[in-house]
There are 2 protein chains.
Amino acid sequence: MNLAPLPDIYRQAPFSEDCAPRRLLRLFSGKWTTMILHTLHLLGGASRPGQLQRTIPGLSKKMMTQTLRELERMGLVTREVMQVMPPAVEYRLTALGQQFITPLEMLYRWGAEHTDLLDCVERNMATGQER
Amino acid sequence: MNLAPLPDIYRQAPFSEDCAPRRLLRLFSGKWTTMILHTLHLLGGASRPGQLQRTIPGLSKKMMTQTLRELERMGLVTREVMQVMPPAVEYRLTALGQQFITPLEMLYRWGAEHTDLLDCVERNMATGQER
DNA sequence: CTGCATCCTGGGCGATACTG
DNA sequence: CAGTATCGCCCAGGATGCAG
């Protein structure tokens, strides 16, 4: 039922559909994903939703839970419900999740150390865009 | 008409609206931005549209030019038109643009060196998502 | 070959309001 | 405090067709 195997040419694309970079980008393309992950790390690897949200200005409750659920499905965080009143919940980075902190740190650190470049780009974009 | 200046509290958010990481994410949130940049680098810093598109499977003509124009406005690439028939164009990384290759390389390299982690995450996501 | 204009759809994301 | 449900906007981004 399958066609004959494709010539190797079709697998030689330098930037194949499923190359590592693309997979990585797909996983963390969400607007809040990396920030939540990184913030969890900053907060010692675990945090309650309230604190998490207060630490990330602009993050709505909806997007927070939604993103956290995705991270949970990815196996990057766990969700622990404490049986008390009022309800308390704790999200915690898994061992797998912590693995992904490294590249995030690299990226974020680079950004922090090169704000001059960011300034430069933003200045360029502002120029000639009167509109 | 303006309110009194806000207390400094409002500027102390650890993850402020305009912190470096967010600025970085905003600039490169496009689906193709980083890939185009990185591919230009791989191709020696310059390339014609055709080759660029052929090197990045799935990239449509529209999104390519659109993204390239944004990169141009950011000052990360230049566009040079050769006056010949048929028309030929060359996009080239600027010095500023090359600066941004470093973090991209770091990220992409990390991805390539940790495909096992990517596998792991994708396996998790596939599980229990019968639907 | 390169590039622009158009049209259109999906879904990411935000605002609001309601439960326990 | 934590979470869900609903609604609706907006726009990124894909497909197609035309022009130089």
Side-chain angles (χ1 to χ4, degrees), chain A residues 15 17 21-22 24-37 39-40 43 46-74 77-92 125 129 131, chain B residues 13 15 17-18 21-22 24-37 39-40 43 46-74 77-92 125 129 131:
Chain A
F15 233 124
E17 205 61 75
R22 289 209 191 187
L24 194 58
L25 292 178
R26 268 198 297 272
L27 289 178
F28 298 103
S29 56
K31 179 172 180 181
W32 303 103
T33 319
T34 62
M35 264 186 289
I36 289 183
L37 231 37
T39 301
L40 271 179
L43 295 178
S47 169
R48 300 181 48 182
Q51 182 180 22
L52 200 52
Q53 190 178 5
R54 263 175 277 114
T55 312
I56 308 182
L59 174 58
S60 74
K61 215 184 328 182
K62 178 196 169 188
M63 288 318 294
M64 180 177 60
T65 18
Q66 181 173 314
T67 307
L68 280 168
R69 289 297 145 82
E70 291 167 4
L71 290 174
E72 203 183 349
R73 284 211 353 203
M74 301 188 209
V77 304
T78 57
R79 182 174 113 97
E80 183 184 2
V81 184
M82 331 289 288
Q83 288 300 357
V84 298
M85 264 309 274
V89 175
E90 187 150 79
Y91 289 98
R92 190 177 301 273
M125 296 181 61
Q129 199 206 9
R131 161 142 304 276
Chain B
F15 230 122
E17 206 60 75
D18 277 354
R22 289 209 192 188
L24 194 57
L25 292 179
R26 267 198 298 272
L27 289 177
F28 298 100
S29 57
K31 181 173 181 180
W32 304 102
T33 319
T34 62
M35 262 185 291
I36 288 183
L37 232 36
T39 302
L40 271 179
L43 295 178
S47 170
R48 298 181 49 182
Q51 181 179 23
L52 200 52
Q53 190 178 6
R54 262 174 278 114
T55 312
I56 309 182
L59 173 58
S60 74
K61 216 185 327 181
K62 179 197 169 189
M63 289 318 294
M64 180 177 62
T65 17
Q66 181 173 314
T67 307
L68 281 168
R69 288 299 145 85
E70 292 166 5
L71 290 174
E72 204 182 349
R73 284 212 352 213
M74 302 188 210
V77 304
T78 57
R79 177 173 180 269
E80 183 184 2
V81 184
M82 331 288 289
Q83 288 300 358
V84 298
M85 263 309 275
V89 175
E90 187 149 81
Y91 289 98
R92 191 177 300 272
M125 296 181 61
Q129 199 207 7
R131 163 146 303 278

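Letters A, B, ... mirror the listed sequences (proteins, then strands); counts begin at 1. For clarity, every value in this text was computed on a predicted model and none was experimentally measured.
Taking the side chain as every heavy atom from C-beta outward, B:M64 and B:I56 never approach each other to under 4.5 Å. Counting heavy atoms from C-beta outward, A:P21 and B:M35 have side chains that stay 4.5 Å or more apart. Taking the side chain as every heavy atom from C-beta outward, B:L59 and B:T67 never approach each other to under 4.5 Å. Side chains of A:I36 and A:Y91 form no contact here, defined as non-hydrogen atoms less than 4.5 Å apart.
Looking at heavy-atom distances under 4.0 Å, A:P87 makes contact with a base. Residue contacts for A:K61: at a heavy-atom cut-off of 4.0 Å it reaches a base atom on one of the strands shown.
Between the CE atom of A:M64 and the P atom of C:dA15 there is a distance of 14 Å, given to the nearest Å. For the pair A:M63 CE and C:dG12 C1', the interatomic distance rounds to 7 Å; values are reported in whole Å. Computed from coordinates, the B:L59 CG to C:dT2 P distance equals 13 Å when rounded to whole Å. Between the CD atom of A:E72 and the C1' atom of D:dA2 there is a distance of 14 Å, rounded to whole Å. Protein atom NZ of A:K31 is 18 Å distant from nucleotide atom P of D:dC9, rounded to whole Å. Rounding to whole angstrom units, CD of residue B:Q83 and P of C:dT2 are separated by 14 Å. One atom, CE of B:M35, and another, C1' of D:dG13, lie 13 Å apart when rounded to the nearest Å. Taking atom CD on B:E80 and atom P on C:dG3, their separation rounds to 12 Å, with Å as the unit.
Candidate nucleotides D:dC1, C:dG3, D:dA2 were compared by shortest atom distance to the side chain of A:P49, and D:dA2 ranks first. Which of D:dA15, C:dT2, D:dT6 sits closest to the side chain of B:K62 comes down to D:dA15. You'll find that the side chain of B:T65 is closest to C:dG3, out of C:dG3, D:dA2, C:dC1. Nearest to the side-chain atoms of A:P86 among the listed nucleotides D:dC1, D:dT4, C:dG3 stands D:dC1.
B:R73 and B:E70 are not joined by a salt bridge, as no carboxylate oxygen comes within less than 4.0 angstrom of a charged side-chain nitrogen.
Listed pair B:R79 / C:dT2 fails the phosphate criterion, with no side-chain N or O lying under 4.0 Å from OP1 or OP2. Contact check, B:R48 against C:dT2: a side-chain N or O comes under 4.0 Å of OP1 or OP2.
Position along DNA chain C of the nearest nucleotide to A:S60 versus B:Q51 favours B:Q51 as the more 5'-ward residue.
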